[in-house]
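Chain letters run A, B, ... following the sequence lines, proteins first and then strands; every chain starts at 1. Just so you know, these numbers come straight off a predicted model, no measurement behind them.
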Number of protein chains: 2
Amino acid sequence: MAGQRIQRQTGVALWRQIADRIRTSINHGDFDENGMVPPETTLALQFGVNRHTIRSALAALAQEGIVRAVQGRGTLIERKERLSFPISRRTRFSQGIGDQVRETRSMLLASGEDVASSELAKQLRIEPGAPLIRLETLGHADHRPVSRATSWFPADRFGNIAEIYRVTGSITKAFKELGVADYVRVVTEITATHADEGDLTDLQLSPGAIVLVAQALNADLDNVPVQYSISRFAADRVRFTVEN
Amino acid sequence: MAGQRIQRQTGVALWRQIADRIRTSINHGDFDENGMVPPETTLALQFGVNRHTIRSALAALAQEGIVRAVQGRGTLIERKERLSFPISRRTRFSQGIGDQVRETRSMLLASGEDVASSELAKQLRIEPGAPLIRLETLGHADHRPVSRATSWFPADRFGNIAEIYRVTGSITKAFKELGVADYVRVVTEITATHADEGDLTDLQLSPGAIVLVAQALNADLDNVPVQYSISRFAADRVRFTVEN
DNA sequence: TTTAAATGTCTATTGATATAGACAACCATA
DNA sequence: TATGGTTGTCTATATCAATAGACATTTAAA
């Protein structure tokens with residue numbers, strides 16, 4: 001980690017830029033030898049800023065629960081995590097990361113009915129205007145929110161999927177009850193953008209944070225589309241893995 | 001686009017948050033009817049900020065070449081684009097987006113020799129400390145930079161790949177000359193982060209911008225690793241597509 | 001027990017960010 | 001040509017962000 005330069009007068013405060021970099025370094029395992037962040041004076045030298053600016057950055061990370069400062073000793077790393085999400089034909093939320101965390105949980109934020117827009121209709125291979133069930137869900141791993149998804153299902157086949165999901169907390173189980181024994185991922189589109197207001201609240205992010213956006217189409221074993229979803233992940237908590 | 005709330009005192013200036021949102025809206029096609037951004041006073045009302053703050057946001061977008069303000073008329077949308085990169089066993093830079101743009105070009109920024117770190121050695125299935133060739137390349141589409149990559153190749157097989165790449169401008173062609181008739185993508189890891197200093201200059205981004213990071217392993221048809229690369233894409237110019 | 005090294009707290013100052021208001025300059029159109 | 005709507009420019013003020021320095025407090029090790 002050589003001399004890192006920081007951008008000034010860009011609308012992003014130095015302390016926030018530095019906080020982002022330190023968080024990345026922690027997730028990358030740069031300070032794993034002693035489990036501590038370098039002293040404030042050292043960081044101030046490395047980043048070329050005042051020690052108070054470093055303190056602001058560390059205070060923000062402490063607020064997130066990533067580090068904890070102990071007077072006289074130093075600043076300890078409390079938590080580091082970046083979950084790895086495999087993206088394959090068998091992509092599912094909980095199974096993919098099940099071996100990386102102690103506990104996963106999905107909760108239903110909202111549900112309702114939509115009519116298929118031209119875009120949704122094309123993806124799900126149904127008529128525009130056809131009725132759809134919309135589920136908005138929040139995925140947790142070890143009690144921390146990691147993903148926020150909106151899914152659409154053709155209403156004719158999955159009219160009461162919201163009810164079943166509310167009980168089981170699992171798309172896979174809901175599909176099974178509705179006669180879809182298995183399903184596979186057809187295509188996934190991945191983009192990245194800044195967190196919007198919903199991301200900030202649901203995923204507990206701070207403004208300027210990044211979300212990875214995955215738009216996915218699932219189909220049953222007869223290759224009939226059953227689910228189109230747009231999932232938003234806190235970028236500093238996850239990594240997508242594509243196995244070919 | 002209902003009343004959008006903006007976060008204050010978070011280390012990210014209001015004008016930058018607003019610029020990011022307007023850029024997203026433009027890419028999403030929200031203002032496609034008349035090709036213009038709403039008037040400054042309207043935006044000021046929508047975001048609940050002063051008109052001068054909106055002007056700072058629009059000035060930043062004008063600097064990026066995304067909008068152009070015309071006194072007396074309004075603020076015109078100059079450009080919106082997001083290239084789609086397919087990620088599959090046959091992922092290549094130019095072929096994937098060839099039908100989306102008129103011209104693609106790759107140029108060599110730098111090359112050199114490295115010794116394999118433990119991480120690189122594991123990926124390429126060679127001994128740690130073994131010699132590697134490092135290529136740093138910049139990918140353009142229609143004269144705009146979109147990706148910035150660092151690749152490593154085992155030096156014993158590909159000792160003079162830099163020379164050949166410099167002439168041909170293509171990894172695929174360089175591999176062919178060195179006896180690798182074909183190669184496939186084994187795995188791709190995708191993350192997102194804030195642009196660093198190199199991204200800002202090479203990809204012509206402004207601070208706070210997002211880069212999609214793809215770490216990829218390519219192997220020849222005998223499944224022997226031939227290339228490990230870390231590519232950084234301007235997130236507002238590309239989209240990854242995973243076909244399963 | 002002393003000392004060095006680390007975080008915690010305080011004051012003061014400068015520059016960037018945001019608000020507020022007023023008016024000029026320009027464009028399209030009635 | 002007159003008018004309404006839009007961007008451009010200016011002044012003034014308040015708050016946030018960053019620097020600078022000094023010193024207190026705590027911890028671990030000499």
Side-chain angles (χ1 to χ4, degrees), chain A residues 4-22 26 31 33-78 206-208, chain B residues 4-22 26 31 33-63 65-78 194 206-208:
Chain A
Q4 325 201 13
R5 237 152 298 157
I6 296 286
Q7 307 280 324
R8 287 161 194 264
Q9 300 171 28
T10 60
V12 183
L14 297 185
W15 64 264
R16 174 144 292 283
Q17 294 183 53
I18 292 169
D20 291 339
R21 291 221 192 165
I22 294 176
I26 290 174
F31 312 127
E33 306 98 33
N34 48 5
M36 294 177 77
V37 171
E40 294 170 354
T41 48
T42 306
L43 290 171
L45 253 163
Q46 283 182 354
F47 286 104
V49 299
N50 193 275
R51 178 177 155 235
H52 293 295
T53 308
I54 298 291
R55 284 180 62 75
S56 298
L58 291 176
L61 294 178
Q63 182 69 25
E64 295 180 40
I66 292 177
V67 301
R68 179 169 53 92
V70 179
Q71 191 171 7
R73 289 183 60 195
T75 303
L76 283 64
I77 294 171
E78 287 282 282
S206 40
Chain B
Q4 324 203 12
R5 238 150 298 157
I6 296 286
Q7 307 278 323
R8 287 160 195 266
Q9 300 172 24
T10 58
V12 183
L14 297 185
W15 65 262
R16 174 145 293 283
Q17 296 182 54
I18 291 169
D20 293 338
R21 292 219 193 167
I22 294 176
I26 289 175
F31 312 127
E33 308 99 32
N34 49 6
M36 294 178 78
V37 172
E40 294 170 353
T41 48
T42 307
L43 290 171
L45 252 163
Q46 282 182 356
F47 285 104
V49 300
N50 193 275
R51 178 176 156 236
H52 294 296
T53 308
I54 298 290
R55 285 180 61 74
S56 298
L58 291 177
L61 294 178
Q63 183 70 25
I66 292 176
V67 301
R68 178 169 55 92
V70 178
Q71 190 171 9
R73 289 183 61 195
T75 303
L76 284 64
I77 295 172
E78 286 281 283
H194 288 95
S206 44

Report the distance from atom [atom1] of [X] to atom [atom2] of [N], rounded to the nearest whole Å.
{"X": "A/E40", "N": "C/dT9", "atom1": "CD", "atom2": "P", "value": "11 Å"}
{"X": "A/L14", "N": "C/dT17", "atom1": "CG", "atom2": "C1'", "value": "13 Å"}
{"X": "B/I54", "N": "D/dT6", "atom1": "CD1", "atom2": "P", "value": "14 Å"}
{"X": "B/R16", "N": "D/dA17", "atom1": "CZ", "atom2": "P", "value": "16 Å"}
{"X": "A/L76", "N": "D/dT26", "atom1": "CG", "atom2": "C1'", "value": "14 Å"}
{"X": "B/L58", "N": "D/dT6", "atom1": "CG", "atom2": "P", "value": "14 Å"}
{"X": "A/W15", "N": "D/dT19", "atom1": "CH2", "atom2": "C1'", "value": "17 Å"}

Within the 4.5 Å heavy-atom criterion, are [X] and [Y] side-chain neighbours or not?
{"X": "A/L76", "Y": "A/M36", "value": "yes"}
{"X": "A/L43", "Y": "A/Q46", "value": "yes"}
{"X": "B/I22", "Y": "B/V67", "value": "no"}

Exercise. Taking N and O atoms by type only, does the side chain of A/Q71 place a donor or acceptor under 3.5 Å from a partner on the base of D/dT25?
Worked result: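 Indeed, a donor on one side and an acceptor on the other fall under 3.5 Å apart.
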For this session: Verify, without hydrogens or angle tests, whether A/E40 (side chain) and A/R55 (backbone) share a donor-acceptor contact under 3.5 angstrom.
Result: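 Not confirmed, A/E40 side chain does not pair with A/R55 backbone.
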[N], OP1 or OP2 - any side-chain N/O from [X] closer than 4.0 Å?
{"X": "B/T53", "N": "C/dT19", "result": "yes"}
{"X": "B/R73", "N": "D/dG5", "result": "no"}
{"X": "B/R55", "N": "D/dG8", "result": "yes"}

For this session: Mark yes when over 12 heavy atoms from residues, nucleotides or ligands other than B/Q63 sit less than 6.0 Å from its CD; otherwise mark no.
Result: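 No, because the 6.0 Å sphere around CD of B/Q63 holds 12 heavy atoms or fewer from other groups.
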Exercise. When you match B/T41 and A/N50 each to their closest nucleotide on DNA chain D, which lands nearer the 5' end?
Worked result: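 The 5'-side residue here is B/T41.
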Exercise. Want to settle it: does B/A13 or A/R51 sit nearer the 5' end of DNA chain C, counting the closest nucleotide to each?
Worked result: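 Its nearest nucleotide lies further toward 5', so the answer is A/R51.
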For this session: Assign each of A/H52 and A/G72 to its nearest nucleotide of DNA chain C by heavy atoms, then name whichever residue's nucleotide is nearer the 5' end.
Result: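 The residue whose closest nucleotide sits nearer the 5' end is A/G72.
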Exercise. Checking all strands, does A/T75 fall into the base, sugar-phosphate, or nothing category for heavy-atom contacts under 4.0 angstrom?
Worked result: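 Counting heavy atoms under 4.0 Å across all strands, the contact made by A/T75 is with sugar-phosphate only.
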